[in-house]
Amino acid sequence: MPELPEVETTRRGLERPLRGRHVVRVIVREPRLRWRVPRTLARELAGTRIEAVERRAKYLLLRTNVGTAILHLGMSGSLRVIPATTPAAKHDHVDLVLDNGQCLRLRDPRRFGALLWTRDDPMQHALLRHLGPEPLGRGFHADHLWAATRRRRVAMRDLLLNSRIVSGIGNIYANEALFLAGVRPTRPAGRLTRTECERLVKSIRRILERAIRAGGTTLRDFSNADGLPGYFQQTLQVYGRTGELCRRCGNSIKTARLGNRSAFYCPKCQS
DNA sequence: CTTTTGACCTGACAGC
DNA sequence: TGCTGTCAGGTCAAAA
């Protein structure tokens, strides 16, 4: 589910209820996520004070006075702050109980998410160390994309999903940004022109900013920290619209199978 | 090195 | 009402 805009929406919703709060207790009902929740996490996190809620790519970082909890929502994860007395439903795997009677609850039916703990600089953690620039940050620009695409045969859609080149973009926004830039998802990366790289950088920024403003995209089960859906799905131009009409030219939206995942495009608007 | 494939999971949905 | 097959927002590790 969650790509950068959904994770950022979650982060913004968590900041107020979490910052400055103490974690009094940690309940791990199901430790088997993408990686096993460390046995030490409950003990180390209990008693800490949450100083900041940050995001890097699709990771959420809960910075405490002692260390940092690294969270990933995988495909189906969501986080909510609710009264600690709320009965846990199926797939509610972890609670961080706070000092005000509330708790941060992690739900993740598919268990592709992660909850890890480090006392060191989280940016040096093995999962974060090799991440490419933030697409909304200064490190992401046309020069970077140009250099990263040279001599590469991968389809442009797949290059945008490569978190070492640019982080935080998933299948929805890769497809949407490529539509906006007029580039087919199947186009070999090395065949992009300099101008197209410039257009694509702008398109990626625009799409992500719009999606954040809309509170993210809810296709089936994304909800923000207040349990509410996003509404960017109403704005989608190509993703999931196979057979429907292009909002720009009226042509029929097509699907391409790239690897195991669908790519969507308008054959007239994108080349 | 680059690129592809399989793996990890549950749930929703279509079709029989 | 089953049952089976397909698909889903991620991404790592291993194979080619």
Side-chain angles (χ1 to χ4, degrees), chain A residues 1-10 29-37 55-60 70-79 89-94 106-116 125-132 135 147-178 185-191 207-208 211-212 214-224 229-243 255-264:
Chain A
M1 151 191 66
E3 303 183 32
L4 187 152
E6 291 74 36
V7 179
E8 178 61 19
T9 297
T10 301
R29 299 184 195 84
E30 173 56 86
R32 294 173 303 166
L33 304 185
R34 172 90 201 253
W35 296 281
R36 192 186 172 85
V37 177
R55 180 188 59 73
R56 173 75 176 103
K58 295 172 190 164
Y59 293 92
L60 280 169
I70 301 173
L71 278 148
H72 197 289
L73 298 176
M75 291 276 265
S76 58
S78 61
L79 288 164
K90 197 177 178 182
H91 307 307
D92 286 347
H93 304 314
V94 181
L106 171 65
R107 172 177 298 179
D108 186 2
R110 292 180 71 181
R111 291 195 274 120
F112 283 179
L115 172 53
L116 300 168
H125 189 277
L127 291 172
L128 307 196
R129 192 171 16 190
H130 297 114
L131 289 173
T149 50
R150 292 312 86 191
R151 291 172 214 292
R152 298 290 299 268
R153 294 178 213 210
V154 264
M156 232 7 246
R157 198 285 308 267
D158 290 333
L159 185 119
L160 294 182
L161 295 183
N162 183 343
S163 64
R164 288 181 176 232
I165 291 169
V166 55
S167 59
I169 300 175
N171 202 26
I172 295 177
Y173 300 109
N175 279 284
E176 292 297 309
L178 285 164
T186 49
R187 177 102 71 88
R191 303 255 286 274
I207 286 291
L208 295 177
I212 291 170
T217 299
T218 298
L219 291 184
R220 48 198 96 233
D221 53 10
F222 171 71
S223 62
N224 65 22
Y231 52 91
F232 192 72
Q233 62 277 10
Q234 297 165 10
T235 317
L236 295 177
Q237 303 294 310
V238 286
Y239 185 87
R241 297 191 65 239
T242 310
T255 310
R257 206 68 197 174
L258 284 177
N260 253 347
R261 322 178 65 189
S262 299
F264 305 89

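In what follows, every chain begins at residue 1, and chains take the letters A, B, ... in the order their sequences are listed. Computed from a predicted model, the values in this text were never measured in an experiment.
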In the structure shown, which nucleotide is the Watson-Crick or G-U wobble counterpart of dC9(B), with both distances under 3.5 Å?
none

Just to be sure I understand the rule, does Phe232(A) reach a base, reach only the sugar-phosphate, or reach nothing, if contact means heavy atoms closer than 4.0 Å?
nothing

Phe112(A) on top of dC8(B)'s base, within under 5.5 Å and under 30°?
yes

Classify Gly259(A) by what it touches in the nucleic acid, base, sugar-phosphate, or nothing, heavy-atom distance under 4.0 Å.
nothing

Does a nitrogen or oxygen in the side chain of Arg261(A) sit under 4.0 Å from OP1 or OP2 of dG10(C)?
yes

Can you tell me if Thr255(A) and Thr242(A) form a side-chain donor-acceptor pair at under 3.5 Å?
yes

note: Leu127(A), atom CG; dA13(C), atom P; distance rounded to Å ~ 8 Å

Between dG10(C) atom C1' and Leu161(A) atom CG, what is the distance in whole Å?
9 Å

Kindly indicate, with the supporting measurements, whether the criterion side chain to side chain contact (heavy atoms under 4.5 Å, CB included) is fulfilled by His93(A) and Arg29(A).
CA-CA 5 Å; His93(A) 304 314; Arg29(A) 299 184 195 84; 5.6 Å; no

Proximity to the side chain of Met75(A) - top-ranked nucleotide from dC12(C), dG11(B), dA8(C):
dA8(C)

Between Arg152(A) and dT3(B), does any side-chain N or O lie under 4.0 Å from OP1 or OP2?
yes

On DNA chain B, more 5' by nearest nucleotide between Asn260(A) and Arg151(A) is Arg151(A)

Have a look at Tyr239(A) and say if it touches a base, only the backbone sugar-phosphate, or nothing, with a 4.0 Å heavy-atom cut-off.
sugar-phosphate

Indicate, with a heavy-atom threshold strictly under 4.0 Å, whether Arg257(A) touches base, sugar-phosphate, or nothing.
sugar-phosphate

How long is the line joining CG of Leu236(A) and P of dA8(C), in whole Å?
14 Å

Closest listed nucleotide, where the reference is the side chain of Val154(A) and the choices are dG10(C), dT4(B), dC12(C)
dT4(B)

Report yes or no: is there a donor-acceptor pair, N or O only, under 3.5 Å between the side chain of Arg111(A) and the base of dC9(B)?
no

Provide the distance between the two P atoms, one in dC3(C) and one in dC9(B), to the nearest whole Å.
23 Å

Tell me: CG of Leu33(A) to P of dC9(B), nearest whole Å?
11 Å

Donor-acceptor side-chain pairing of Asp108(A) and Ser76(A) below 3.5 angstrom:
yes

When rounded to whole Å, the CD to P distance for the pair Glu30(A) and dC8(B) reads 16 Å

Over how many whole Å does the gap from Asp108(A) atom CG to dC9(B) atom P extend?
12 Å

Residue pair Thr186(A) / Arg157(A), side-chain donor-acceptor N/O under 3.5 Å
no

Grab the CZ-P distance between Arg164(A) and dT3(B) for me, whole Å please.
14 Å

If I take atom CG in residue Asp158(A) and atom P in nucleotide dT11(C), what distance separates them, rounded to the nearest angstrom?
14 Å

dT4(B), dA8(C), dG11(B): which one has an atom nearest the side-chain heavy atoms of Pro109(A)?
dG11(B)

What nucleic acid atoms does Arg34(A) come within less than 4.0 Å of, heavy atoms only: base, sugar-phosphate, or nothing?
base

So do Thr10(A) and Phe222(A) actually touch side chain to side chain, heavy atoms under 4.5 Å?
yes

Quiz question: by atom type and distance under 3.5 Å, do the side chains of Asn175(A) and Asn171(A) form a donor-acceptor pair?
yes

Would you say a side-chain N or O of Lys90(A) is under 4.0 Å from OP1 or OP2 of dG11(B)?
yes

Specify the residue among Arg110(A) and Ser163(A) whose closest nucleotide of DNA chain C lies further upstream toward the 5′ end.
Arg110(A)

Is there a side-chain polar atom (N or O) of Ser76(A) under 4.0 Å from OP1 or OP2 of dC9(B)?
no

Please state whether the rings of Phe232(A) and Tyr173(A) are parallel, tilted or perpendicular, taking 30° and 60° as the class boundaries.
tilted

Can a side chain N or O of His72(A) be found less than 4.0 Å away from OP1 or OP2 on dT11(C)?
yes

